[in-house]
Number of protein chains: 2
Amino acid sequence: MKETPEAAFVEQLGLIYQGEGMPRIAGRIIGLMILDARPYSFDELSKALKISRGSVSTNTRMLERFGVLTRVTVPGDRQDYFKLSKQPYSQMLERQLEKTRRVRSQVAEARDRIPADHAVTRARIDDLIRFYDVVTDTTEKALSQFAESPVRKRG
Amino acid sequence: MKETPEAAFVEQLGLIYQGEGMPRIAGRIIGLMILDARPYSFDELSKALKISRGSVSTNTRMLERFGVLTRVTVPGDRQDYFKLSKQPYSQMLERQLEKTRRVRSQVAEARDRIPADHAVTRARIDDLIRFYDVVTDTTEKALSQFAESPVRKRG
DNA sequence: CAGTTCGTTCAGTCACGATTGAACACTCAT
DNA sequence: ATGAGTGTTCAATCGTGACTGAACGAACTG
């Protein structure tokens, strides 16, 4: 696999993930699975992407925790397999949403530590909080949109 | 400035920015200006945040390019001043939106490089593209929401 | 003109997270 | 029990981007 459009797609997804502050390898795993949505064995991931088994372990586990990957096992086969979970993109949005909520509440707590007589300052922090609220709300709307049309598996 | 809730807020915004993959210093500058929305001189930023002039230069210029900061000058004063621009949060959303659009079009191009007979593969990439579309649409909606109530300056 | 005061640039350093690879523990087959 | 096959962990390395500080040029002052 070299220089094919498929390989380029995998690399691109790696870069996209990296751009989002996540490990490049995680993106490449996803890329591979988008191209061909079948279960990949632990070993196959290591070989196909030319990455160490340690990296396969850490990244699959992380993606699993994110709800993007599902670990499947096959009776009679000792290897672990991984495949994209049902709504991988929704899952990512969900994680992002959680992060935003977390940050929002941290900011809100910081706001409350500002002396109450600094009304103007507090009000300005409120603007920031309101910003997070808008982001949260619209992200939720986006999510519900996915729930309606579940990436339409069948017409 | 040490250990005050205000200082903690500034540091927190630094961490938030860092968490978004941006320089921590940029976040601290923003934090400072949210606390007190007045123009800060180049030198004042350097001293208040204990950062080198080089860092002030790079980060203010970056934030300026992002539309988050506005550089203002005062007649008779050779220093540059910086303040938050009108809709700093909208500006950030706007930049994020541009980034999403960019990524989306890259993915779309990658998709078109996949041989046309791999219909199933293409269809799966389409799901990803559709995901970006939803994110883009909802971000736009969020932005228009800000346009309606401009951080409400007056009740 | 020389001397200041600015902001920018850039080579060098530093910090941090990603990645590797070896050691490890566990399971299964014989 | 031994050995092969598995996934995890972790110390060490690597890569990247943030940050510094010195050198610089431009704009002003006298």
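In the text below, chain A, chain B and the rest are named by the order of the sequence lines, each starting its count at 1.
For Y132(B) and Y89(A), the ring centers are positioned 6.0 Å apart or more.
The distance from atom CG of N59(A) to atom P of dA18(C) is 8 Å, rounded to the nearest whole Å. Remark: P of dT4(C) and CG of D43(B) are 17 Å apart, rounded to the nearest angstrom. Rounded to whole angstrom, the span from the CG atom of L49(A) across to the P atom of dA18(C) amounts to 17 Å.
Between the side chain of R28(B) and the backbone N or O of L49(B) there is at least one donor-acceptor pair closer than 3.5 Å. Side-chain atoms of R101(B) never come within 3.5 Å of backbone atoms of T136(B) as a donor-acceptor pair (strictly under, hydrogens ignored). At distances below 3.5 Å, not a single donor-acceptor pair connects side-chain atoms of S41(A) with backbone N or O atoms of Y81(A).
For the pairing with Q12(A), the side chain to side chain contact (heavy atoms under 4.5 Å, CB included) check across V10(A), L15(A), I16(A) returns one residue only, I16(A).
Taking every heavy atom of both residues into account, T139(B) and V135(B) meet most closely at OG1-O, 2.6 Å.
The pair R95(B)-E98(B) meets the salt-bridge criterion, since a charged nitrogen lies less than 4.0 angstrom from a carboxylate oxygen. In this structure, R130(B) pairs ionically with D127(B), as a charged nitrogen and a carboxylate oxygen lie closer than 4.0 Å.
In this structure, of dG7(D), dT27(C), dC6(C), it is dT27(C) that holds the atom nearest to the side chain of R78(A).
A heavy atom lying under 4.0 Å from DNA chain C marks the following residues of residues 15-30 of chain A, by number: P23(A), R24(A), I25(A).
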Polar pairs (N or O, both sides) under 3.5 Å between protein and nucleotides 9-14 of chain D?
| residue | atom | partner | partner atom | Å |
| --- | --- | --- | --- | --- |
| dT9(D) | OP2 | R61(A) | NH2 | 2.9 |

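Judged by closest nucleotide on DNA chain D, V56(A) is the one of S52(B) and V56(A) placed further toward the 5' end.
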